[in-house]
Novice: 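Structure incoming, see below.
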Amino acid sequence: MTHRFPPGFLWGAATAAYQIEGAAREDGRTPSIWDTFSHTPGKVAGGDTGDVAADHYHRFRDDVRLMADLGIGAYRFSVSWSRVQPTGRGPAVQRGLDFYRALVDELHAHGIQPVVTLYHWDLPQELESAGGWPERDTAYHFAEYAGLVADALGDRVELWTTLNEPWCSAFLGYGSGVHAPGRTDPVAALRAAHHLNLAHGLGAQALRSALPARARIAVCLNPGAIRARTQSPGDLDAQRRIDALATRIFSDPMLHGRYPTDLLADTARLTDWSYVHDSDLAAIKHPLDALGINYYTPTVVSAATDNRPPRKDGHGASEHSPWPGAERVAFHQPPGDVTAMDWSVDPTGLYDLLMRFSREVPDLPLLITENGAAYEDKPDAEGVVHDPERIAYLHAHLATVRRAIADGADVRGYFLWSLMDNFEWSYGYAKRFGAVHVDYPTQTRTPKSSARWYAEVARTGELPTSA
Ligand code: FCB
């Protein structure tokens, strides 16, 4: 099989606002739920916060130059909602919008395509104080915000994504509580899931009406590659339940305008879903131009044999389950090598997801909007960061993408997570996903060997036969 990718394939890198920008209190920005959460003792490893992060707000011109040096063709970044609309409602703050306009202009000046994500988990704190994602109004506020950003950037950005990984916002934010805002209420988590779906649909509609016809609108999901430990009926039922909660709760309404009936049955004990109004599903199924898939690792499940299933599901330790209605499911460490997150390295999960969505929505182009790995990278005595494990990870996953394309999947691009080391949510700065190393005290950027390797792949459009 050839290792050459189709012409026009996008070679990208991704980041998110709270993880890199810093400048948390500058130019009118107000706290988001992640500012509040990270400043709450005990929530983030090492007491780390995104106050300074990689200081990208001040260093974006250098960072764009670095991307250009590395041959990055497309850059996926997110907009900090509370930087452009500090109260989450009402008029935009010009200085906030100016930052993103300057960033986009800088990208264009270097021949890099900007890809905007409107929401990467940083809800303005004011909206959380008014009830957050469990409340319907938050979806309407999101649509208003989407329109403001579209008005400001619509003339210079073609590819837009609404939400990043709404599963994490709903179930880690309101279920297990390991992400902001840190609530642990299964019903709130399910309500949040619906209102995130609604926000996506209304947001897509707001984008469509504000943007020129050439604009393309997508969403970034983290569908689960869920495997049953055995083929026993109990284990297969555990797989079905987790698949419903991880994936179909978002993809079914967004792509098909319905909630899965098995999900409604599994959660009936908790909620009657009466917060789904008549017209919601039609709004959520707004036509999309691409589906973004974020993938890191597969998940292995079985039926739990007692009432206290192990919580080792790769999403942080909590007494509270992020899987409402599927509490009696046990999670198992898949075999094989793991990254510094303890996530198993297994590209077959990515292959399965690409083929699944190719079959489910054959006309919808796919993008891998995140994929990558954390390792314990350190500069050596010469200041060089060698990260052969990351190169092997990227090679294996890109080979899988190429195989999925050969098998008929319409994959248009790949965004490495992440351009540079950053604030890894509840893990703080302890986990490094970057292709570029960041020395936080000095903010020195050092491309790791994986960055050079990726640059060569992007330049040639071809994967070397081995890592
Ligand atoms: C994804 C997030 C991204 C980053 C990676 C490692 O779930 O979207 O911000 O944290 O995981």
Side-chain angles (χ1 to χ4, degrees), residues 12-22 32-34 37-38 43-45 48-50 53-54 56 75-81 115-123 161-173 175-176 178-180 196 200 218-225 246-247 250 291-299 313-316 322 338-346 349-350 353 367-377 387 389-390 393-394 397 414-436 438 450:
T15 63
Y18 191 70
Q19 294 181 274
I20 64 164
E21 283 181 4
S32 73
I33 53 176
W34 268 98
F37 189 77
S38 65
K43 298 296 186 190
V44 174
D48 292 346
T49 74
H56 173 76
Y75 175 52
R76 172 177 171 240
F77 63 93
S78 81
V79 174
S80 157
W81 187 344
V115 181
V116 167
T117 296
L118 288 172
Y119 186 72
H120 201 124
W121 305 352
D122 44 359
L123 187 70
T161 73
T162 54
L163 307 178
N164 177 72
E165 301 191 2
W167 184 83
C168 297
S169 300
F171 295 108
L172 302 182
S176 68
V178 300
H179 277 191
L196 284 152
H200 160 75
V219 62
C220 303
L221 300 181
N222 56 326
T247 306
F250 301 106
L291 175 64
I293 293 177
N294 295 357
Y295 174 80
Y296 291 90
T297 189
T299 300
D313 55 2
H315 298 293
V338 294
T339 68
M341 303 294 282
D342 265 342
W343 296 351
S344 76
V345 178
D346 183 353
L350 178 56
L353 289 170
L367 292 165
I368 292 138
T369 36
E370 284 182 26
N371 177 241
Y375 289 104
E376 281 169 21
D377 312 309
D387 56 345
E389 306 98 327
R390 183 171 291 99
Y393 181 99
L394 297 176
H397 286 76
Y414 175 94
F415 292 75
L416 187 161
W417 185 272
S418 179
L419 172 67
M420 57 184 159
D421 293 338
N422 58 51
F423 175 81
E424 180 46 38
W425 308 114
S426 53
Y427 297 89
Y429 297 101
K431 303 293 178 196
R432 295 179 175 274
F433 274 90
V436 174
V438 177
S450 60

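In each ligand, atom 1 is the first atom listed, and ligand 1 is the first ligand listed. In this chain, numbering begins with 1 at the start of the sequence shown.
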Novice: Side chain to side chain donor-acceptor pair (under 3.5 Å) between Thr15 and Ser418: does it pass, once the steps are laid out?
Specialist: CA-CA 6 Å; Thr15 63; Ser418 179; 5.7 Å; no

Novice: With heavy atoms of His120 as the reference, note each atom of ligand 1 found under 4.0 Å away.
Specialist: 2 (C), 3 (C), 8 (O), 9 (O)

Novice: Looking at atom 7 (O) of ligand 1, what's its closest protein heavy atom, distance included?
Specialist: Glu165 OE1, 2.5 Å

Novice: Side chain or backbone of Asn164 under 4.0 Å from ligand 1, or both, or neither, by non-hydrogen atoms?
Specialist: side chain

Novice: Record the part of Met341 in heavy-atom contact with ligand 1 below 4.0 Å; permitted values are side chain, backbone, both and neither.
Specialist: neither

Novice: Find all atoms of ligand 1 within a distance of less than 4.0 Å from any non-hydrogen atom belonging to Phe433, and give their numbers and elements.
Specialist: 6 (C)

Novice: Looking only at side chains, do Asp48 and Tyr427 share a donor and an acceptor under 3.5 Å apart?
Specialist: no

Novice: Among Leu353, Asn294, Asn164, exactly one meets side chain to side chain contact (heavy atoms under 4.5 Å, CB included) together with Asn222. Which residue is that?
Specialist: Asn294

Novice: Among all protein heavy atoms, pick out the one at the shortest distance from atom 2 (C) of ligand 1; state its residue, atom name and that distance to 0.1 Å.
Specialist: Glu370 OE1, 3.3 Å

Novice: Can you name the atoms of ligand 1, numbered from 1 with element, that are less than 4.0 Å from a heavy atom of Glu424?
Specialist: 4 (C), 6 (C), 10 (O)

Novice: Could you list which atoms of ligand 1 come closer than 4.0 Å to a heavy atom of Trp425?
Specialist: 3 (C), 4 (C), 9 (O), 10 (O)

Novice: How far is atom 5 (C) of ligand 1 from its nearest protein heavy atom, and which residue and atom name does that atom have?
Specialist: Tyr296 OH, 3.3 Å

Novice: When Asn371 is tested against each of Tyr296, Tyr414, Tyr295 for side-chain hydrogen bond (donor to acceptor under 3.5 Å, both in side chains), which residue passes?
Specialist: Tyr414

Novice: Between the side chains of Ser344 and Thr297, does any donor sit under 3.5 Å from an acceptor?
Specialist: yes

Novice: For atom 4 (C) of ligand 1, state which one of Tyr295, Trp121, Trp417 supplies the nearest heavy atom.
Specialist: Trp417

Novice: Strictly by modelled atom types, are Tyr18 and Ser78 linked by a side-chain donor-acceptor pair under 3.5 Å?
Specialist: no

Novice: Quick one: pull up CD in Gln19 and CH2 in Trp121 and give me the separation to the nearest 0.5 Å.
Specialist: 6.5 Å

